[in-house]
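Let me begin by presenting the structure, written as structure tokens, before commenting on it.
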Amino acid sequence: MIRITDILDKAQSYLSAEEVEMIQKAYVFSASVHQGQVRLSGEPYLTHPMEVAGILVDLKLDAATILTGILHDTVEDTVATIEQIEEAFGKEVAFLVDGLTKIGKITFGSQVEKQAENFRKMMLAMSSDIRILLVRLADRVHNMRTLEFQTAEKQQYIAKETLDLYAPLANRLGINWMKVELEDLAFRYLDYETYNELAKRVAKKKQQREKYTNEVKTIIKREMDGFGLQGEVEGRAKHFYSIYRKMEEQNLDFDDVYDLTAFRLILDSDKEKECYEALSMVHALWKPVPGRFKDYIAMPKANHYRSLHTTVIGPYGERVEIQIRTRAMHEWAEGGIAAHWRYKEKRAELGEDDEQIRKLRELLETQQELKNPREFMSNLKLALFPDEVYVFTPRGDVQSFPRGATPIDFAYGIHTDIGNQCIGAKVNRAIVPLKYQLRNGDTVEIITQAGHHPSKDWLKYVVTSKAIAKIKSWVKVEERTKSVALGRELLEKEFRKNHLKFNQLIKSEEMKKLYEEYSVAALDDLLALIGYGRVSAKRIVHQFLPETDRAAGEDTTTKIRTRTSEQAPVGISLTGIEDVMVRFAKCCNPIPGDEIVGYISRGRGISIHTTLCPKARDMDPERLVDVQWSIKEKHTYPVDMRVVCRDKKGILAEVSSVISSMDTNISRAEITTKPDIEAVLDFRIDVNDLNQFNQIVSGIKKLKDVIYVERVRKQ
Ligand code: MN
């Protein structure tokens, strides 16, 4: 139990002697009125206000706040009156204690209407002075720490309220440690089984994790020394509730949550520039995971949180989350508004100056008349979680989504089947496109049709991981189904060409013998390989030909195989398909940076076209697959280019020198001169990517006699 001397010692470090004396006085007052009261834990009641004051003094809050912490339950639970408090400790403290007393009396019903009204009352009381909210949060932290002594029913109720209201409030105020502690404690009571299981598993991996943590810390520290960056590296296990949420949201098993440890670089310098230097150091050390970098320094969070976040592939090929910040940013991240607030000189402005609180209060005040409690609840949640949108189901339940979510996210949020069969959506009773971005307060209704399937295009519009995972897995299954059918078609054709009986041979023992050779378990797997273009149908049929005919077939086989190795998949990755035979279409010569599409050609794997290629546009859409560039090493790609210019002496040399100056090889050049003084220069050059090509084009365009430059695609 915390002692008054501990509090006084801490207070002395930043408060005046008179203020410290007042704290001593409040202690005596509180001790006398709480005299004889015991908590459910059997401890003297006084321990509670003292613990609360201890939390507040650690946050280095002002004297009035500490006094309020010590006195917060006196009026509610003892014979003391607010007048007595005012007389002994002044108006300010009396005002704060009164605010807390009012909140204490508010209980929540189960009805939405009543709950909304009470939330509003409480928020209003708390937001009239930020310090009331801070004491209330400290109060809740200690009550949660000692929740085990409450009845099971109360535990559930208090834990739920903590998770719904107080943890988000702590987050909103930017007091990270409080948010984390409240979430974990609430989680423990709301779902003890899951919590316990998680805690056990995390503990089991403790030794292993500590060894790993030290290793990573040492590497980072060594690197920092090399770059002359001063600061410390922290590596800590993530809190249980965040692990749990990650598992829930991304549908992961515990063993798949690889990043249990998060690392943090806290730089001694107060220069933002060093954060970015540290970031590039980390990115040079380990490969960053694309799309995971977040710059909260350039764009701070709504609660003023600032930091750089990145995820990299660590020393064991695992994902490592790293945060980079200065010490001042760190202090803010942990203490939030309390840190901000204690640097304030003028105390009179308290509660007035903080933008977030001001907005919250505005909201509460404009909603004095509670006409629509549901709307109020969603507005309140919006004020607490500004990075999310709140929408309603047709039944009036509130659902939250990350900003940018669409009706497809909503549909998958309800149920996978609803997502899969979603064909349209109504927002506020009007039909909207599926890519519509949900807005606060929207009522969303999903239109489904049995037998309907998700589309690959949806991946462009969804933001929730559940929707992404479900759509991807469906696309994967679908692509496989297509490939099996395609493989069967190709194989059947090839058998027929060689006058072999397909239907018979396909079920034969000889066929089964091939499974092992191609490391597949079933016929469909083998057919899929053929469909994907990884195995040629000819090669399979070859095995069934009589010896004498084999020689003839041998040739073709080798040819195909040579082509495969020559045109090994360079820098292409396909959604849901691996190890495919890939080649670049000769008609449009795609280069990295172009938008591309893959076409499953019969028995020749996948050919890559640019989406602008006229040929690709005429292709059977059933056979098109999504492909992306994934450049692992530099490679050159041919591209055709036409330069039209005035026919002047030396123009070819000028254009060629621009191309060569970009370190680019010209593999072909053709010049046609027209009588009307125009010259047409056709080049084939080898570039690394679109960017380089565009640079060359703009370099040529700068030449005085050039009329225009274009990339040439064959029709
Ligand atoms: Mn209390």
Side-chain angles (χ1 to χ4, degrees), residues 1-4 6-7 23 26-59 61 63-82 84-85 88-89 93-108 118-119 121-123 125-151 153-167 169-170 173 175 178 181-182 185-186 189 338:
M1 176 190 141
I2 192 164
R3 290 170 311 169
I4 182 63
D6 300 331
I7 293 171
I23 293 175
Y27 167 71
V28 174
F29 181 90
S30 189
S32 76
V33 294
H34 283 301
Q35 178 80 51
Q37 293 181 341
V38 279
R39 297 202 94 211
L40 291 172
S41 60
E43 285 182 301
Y45 194 88
L46 190 64
T47 52
H48 170 67
M50 294 311 286
E51 291 289 346
V52 171
I55 292 168
L56 298 168
V57 83
D58 279 336
L59 285 169
L61 294 170
T65 313
I66 314 290
L67 292 172
T68 306
I70 298 175
L71 300 167
H72 80 272
D73 279 334
T74 54
V75 176
E76 196 183 343
D77 295 339
T78 78
V79 293
T81 64
I82 204 73
Q84 274 177 298
I85 303 275
F89 304 100
V93 174
F95 170 74
L96 298 176
V97 172
D98 191 40
L100 281 149
T101 309
K102 281 183 185 143
I103 297 168
K105 288 190 183 130
I106 299 170
T107 52
F108 297 92
N118 288 332
F119 260 119
K121 271 193 203 152
M122 187 157 83
M123 294 303 301
M126 288 196 285
S127 62
S128 62
D129 191 311
I130 180 80
R131 292 173 295 182
I132 297 178
L133 183 47
L134 290 165
V135 177
R136 181 64 173 174
L137 282 170
D139 181 38
R140 181 51 59 108
V141 168
H142 186 243
N143 284 336
M144 284 302 291
R145 284 177 185 167
T146 51
L147 197 61
E148 58 183 305
F149 303 106
Q150 294 283 359
T151 61
E153 198 188 337
K154 271 209 152 170
Q155 284 176 349
Q156 291 301 303
Y157 170 76
I158 295 173
K160 183 152 191 331
E161 191 187 61
T162 300
L163 204 55
D164 285 348
L165 182 67
Y166 291 101
L169 273 174
L173 299 183
I175 313 172
M178 217 179 237
E181 185 173 346
L182 289 175
L185 285 167
Y189 286 98

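Read the numbers this way: they start at 1 and go in the same order the structure lists the ligands and their atoms.
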Thr68 and side-chain contact (heavy atoms from CB on, under 4.5 Å): which partner among Ile132, Leu134, Val97?
-> Val97
Polar side-chain atom of Glu161 near backbone of Tyr166 as donor-acceptor pair, under 3.5 Å | no
Determine whether more than 12 heavy atoms belonging to other residues, nucleotides or ligands lie under 6.0 Å from atom CZ of Arg3.
-> no
With the Mn ion (ligand 1) as the point of reference, which N/O/S atom of Asp139 is the closest?
-> OD1
To the nearest 10°, what's the angle at the Mn ion (ligand 1) between atoms NE2 (His72) and OD2 (Asp73)?
-> 80°
Residues Thr146 and Arg39: side-chain donor-acceptor under 3.5 angstrom = yes
Does His142 bring an N, O or S atom to within less than 2.8 Å of the Mn ion (ligand 1)?
-> no
